[in-house]
S.K.: 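So that we are looking at the same thing, I have put the structure below in structure tokens.
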Amino acid sequence: MLRTLLLLALVAVALWWLSRLGRRLRQARERSRGLRETFQPMVRCARCGVHLPATQALTGADGQPYCCAEHRDQPG
């Protein structure tokens, strides 16, 4: 009888520990997913070399990224 109670207690502790481990893994996965969403690919302005997020870059007729309309419209 004592062995059965000890075995049940051991199984209960193992299940509790596994549930905590699973919760921590889910939280870590959510944190890493949030970090990936905040990073953006960077591009370099073809005129001055400034790095900026690709979503903010202006694309010229040549397909190159530029940091502003002034740099995009400058000849040569």
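None of the values given here were measured: they were computed from a predicted structure.
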S.K.: When hydrophobic residues are tied together by side-chain contacts of less than 4.5 Å, even through go-betweens, does L21 share a cluster with W16?
M.R.: yes
S.K.: Which atoms form the tightest heavy-atom contact between R72 and T59, and what is the distance?
M.R.: CD-O, 3.7 Å
S.K.: Out of curiosity, T55 OG1 to M42 CE, how far, rounded to the nearest 0.5 Å?
M.R.: 9.0 Å
S.K.: For the NE2 atom of H71 and the SG atom of C45, what is their distance to the nearest 0.5 Å?
M.R.: 5.5 Å
S.K.: Going by the side-chain contact (heavy atoms from CB on, under 4.5 Å) test, name the single residue among C67, P65, C68 that passes it with L52.
M.R.: C67
S.K.: For residues A69 and L58, report the shortest heavy-atom separation together with the two atoms involved.
M.R.: N-CD1, 3.2 Å
S.K.: OG1 of T4 to CE of M1: how many Å apart, nearest 0.5 Å?
M.R.: 7.0 Å
S.K.: Nearest 0.5 Å please: distance from the CG atom of L5 over to the CG atom of L10.
M.R.: 12.5 Å
